[in-house]
Amino acid sequence: MSTENEGTAVPPAPSAPPVPVDAPAASAPQASGAGASTTPAPPHASGGAQGPELVHAGGAPAYASAQGQQHGAPGGPEGAWPPPQPPGTPSYADGGAGGVGAGGAGGAGTTGVWGAGYQQPAPKPKNGRGGLVAAVLVAALVAGGLGGGLGYTLAKNNDNGSSTTLSASDSGGSVKRDAGTVAGVAQRALPSTVTIEAESTNGEGGTGTGFVFDTQGHIVTNNHVVADAVDGGKLSATFPNGKKYDAEVVGHAQGYDVAVIKLKNAPNDLKPLTLGNSDQVAVGDSTIAIGAPFGLSNTVTTGIISAKNRPVASSDGSGSNASYMSALQTDASINPGNSGGPLLDAQGNVIGINSAIQSTSGGGLGGTSQSGSIGLGFAIPINQAEYVAKQLIQTGKPVYAKIGASVSLEDSTGGAKITTEGAGGSAPVEAGGPAAKAGLRPGDVITKLDDHVIDSGPTLIGEIWTHKPGDKVKITYERNGQTHTVDLTLGSRTGDS
C-alpha cells in the first residue's frame, strides 16, 4: 500500500456548523510495472504496491500549503535511484497545509443564525380545571422552595464552623500521575519532542515533528519533513516550553524516510527518549503518538498496534520520490504534521517513527483534498530507524541492504518477480552479487524472505530494508512451477544516488 503527502490548505470553518457529509470510500491505487533493483542504491519505484491511498503523517506545513518531501524508494538498479513513485501511491502524513480552521472553528455559529427565527406563541388564557392545575403547580413549587430554604438554614445553623463541602486536596497540575498512565507517559515524553519547521530557499516548507535522540543535540525525524531545507534552506526546532533552536541537517535517507538534524547551540539538559524494541511489539499493544497535527504542536493521541510488517510504499504525490517500509500499523490519530514524531508504547519507549497515514480518495473537511486520520497510521519500526540514524550521524549517508537483482514493482499477490531486463540497461541480476551467488535468475518469483510472505516487489524491498548488509536470509522462490529455497547474504549500497 502506498501513501502521499498532504499539502492542500484547509479553508476556515463556516460561521454555522456544516451539514455532515459521509466520507468517501478509500481508493485502491493500481501499480504499474517498472522494475526496481535491489542493488546498492535504493531505486525509485515505478509502479507501487496496490493499496489504499496513504498520506505522510510527518509534516503539516506551518499553517501553510507547503507539502513535506517524500522519501526515495530503494530497490532499483545502479543509476536508477531513487526509483520513480508508484502510481496512486499514498502520501506522507506529514506534508500539507494545516489550517486550523478546517475543523477547529466548530462553534462559531452566530446567534442570529442558530438562536433567532423562532418565537414562542403567546399563551392562551386558562380557566376551569386548567387554572386549578396551574395553581396547584405553583403551590408545589413554593413549598419546594420553602423546604429547600429551611434545609439550607438548618444546615448552616448547625455547622459550628465546620464545612460539609468536599474539595480536592490538590489542583490538577500537582496531582501525581503514575508512570504507566497515558498522562504519565506524556509528561515524560513531551519535553523531549520538538516541532520542526523547514523552509526552502524559495520560501516553501512545512511543519513536522522530531524527538531527542542523544544529549549532543541530534533530533530524529522523517526525511520528507526536512527535505525542503536540505539545500540551503532554513530549519528550526521548537520545544514545548517555547524555546526555539536553529538546526541543520546531519544526514537524510530518502529511501528509508529517516533524517537526523542537529540543534545549533543545543542546551546541556537534553533528555533523549528511551528506545524500545519494535521486534517485540505485539498486535493489540497500546500506543501513544506525539506530534503537531495541522500545526497543533504537542498533541498526544492514543491507540493500539493494529498490525505488524505492513508493506507500505509512500510518496509526496509528486511522482519523483517514493519509499518503502515494513511498517507498524496503529489506529492512534495521526494527521499531517505528525510525521517524524515518536510512536510510544505504554511505558513511554519509542517503538516507531510516525510517517504515513491511510487517506480517503476524496477531500476532507471543507471540501478540500486535505487528508486526515481515519484510524490507519503507519510508523517506521524503531529498530530499523535507530540503525539508519546512527549511520547518518557517523557518515552522513544511509546504507541500504540489497540482493542485487531488479524486481517488478507491479502489484500482484504471487510474489516478487525478477525482471528479464534491468532498469537503465543494467543486468537484471548483478554479476557477482548476492542473488547471482545464490543462483537466482531472471524470471524467478520470490515468494518468501525467511518466514515473511512476499506478495510483490515493494513488499520484498521493505522486508530487505529491515535487515542490515551482511545479514543472512533464506529466500524461497518459484521457477518453472517448482519451489526452491536458498540462503543469501545481503550486500550493501551507500547513499541515495
Side-chain angles (χ1 to χ4, degrees), residues 5-10 55-71 91-102 104 189-213 217-252 254 257-267 270 273 289-300 316 321 334-342 353-356 370 392:
N5 280 336
E6 310 187 27
T8 305
V10 180
V55 177
H56 271 290
Y63 298 95
S65 63
Q67 296 180 345
Q69 286 293 330
Q70 175 114 7
H71 13 284
S91 66
Y92 295 125
D94 79 300
V100 181
L190 275 169
S192 298
T193 306
V194 299
T195 299
I196 298 173
E197 294 181 13
E199 183 179 325
S200 66
T201 53
N202 61 7
E204 295 182 354
T207 301
T209 309
F211 61 91
V212 177
F213 187 70
H218 290 110
I219 305 291
V220 172
T221 184
N222 281 142
N223 172 71
H224 68 266
V225 169
V226 303
D228 283 331
V230 169
D231 297 321
K234 297 180 181 179
L235 194 64
S236 66
T238 304
F239 285 84
N241 61 8
K243 292 184 178 180
K244 186 174 183 178
Y245 298 86
D246 290 333
E248 60 184 355
V249 178
V250 172
H252 60 107
Q254 190 175 10
D257 196 25
V258 174
V260 176
I261 67 174
K262 188 174 184 179
L263 305 178
K264 297 179 180 179
N265 302 315
L270 291 174
L273 291 182
I290 300 179
F294 298 103
L296 300 174
S297 301
N298 316 316
T299 295
V300 178
D316 57 7
N321 297 323
I334 297 174
N335 287 286
N338 275 104
S339 282
I353 300 177
N354 300 318
S355 181
Q370 180 68 55
L392 294 177

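The analysis underlying the following values was restricted to heavy atoms, covering all of them including side chains, and did not include hydrogens, waters or symmetry mates.
- Taking 4.5 Å as the limit, every side-chain heavy atom of Ile261 sits out of range of all side-chain heavy atoms of Tyr245.
- Here the NZ atom belonging to Lys244 is positioned 13.0 Å from the CG atom belonging to Leu263, to the nearest 0.5 angstrom.
- Across every non-hydrogen atom of Gly217 and Ala266, the tightest pair is CA-CB, 4.0 Å.
- Minimum heavy-atom separation, Asn354 to Ala289: ND2-CB, 3.7 Å.
- Remark: the backbone N or O of Phe294 is not paired with any side-chain donor or acceptor of Thr207 at under 3.5 angstrom.
- The CD1 atom of Ile334 lies 12.0 Å from the OG1 atom of Thr299; values are rounded to the nearest 0.5 Å.
- In terms of heavy atoms, Ser297 sits closest to Ala292 at CA-CB, 3.7 Å.
- Around CG of Asn265, the count of heavy atoms belonging to other residues, nucleotides or ligands within 6.0 Å does not exceed 12.
- Scanning both residues, Ala229 and Ala198, for their nearest heavy atoms gives CB-CB, 4.1 Å.
- How far CG of Leu235 is from NZ of Lys262: 14.0 Å, rounded to the nearest 0.5 Å.
- Screening Thr221, Thr193, Ile353, Val212 for a side-chain contact (heavy atoms from CB on, under 4.5 Å) involving Pro342 leaves a single residue, Thr193.
- Contact record, Thr209 with Gly337: OG1-O, 2.7 Å, taken as the closest heavy-atom pair.
- Residue Leu273 holds its CG atom at 7.0 Å from CD1 of Ile290, rounded to the nearest 0.5 Å.
- Inter-residue side-chain proximity for Ile219 and Val194 is flagged as met; some heavy-atom pair is nearer than 4.5 Å.
- In this structure the side chain of Thr201 never reaches within 4.5 angstrom of the side chain of Asp231, judged on heavy atoms.
- Gly340 and Val225 make their closest contact through N-CG2, 4.4 Å (heavy atoms, listed as atom of the first residue, atom of the second, distance).
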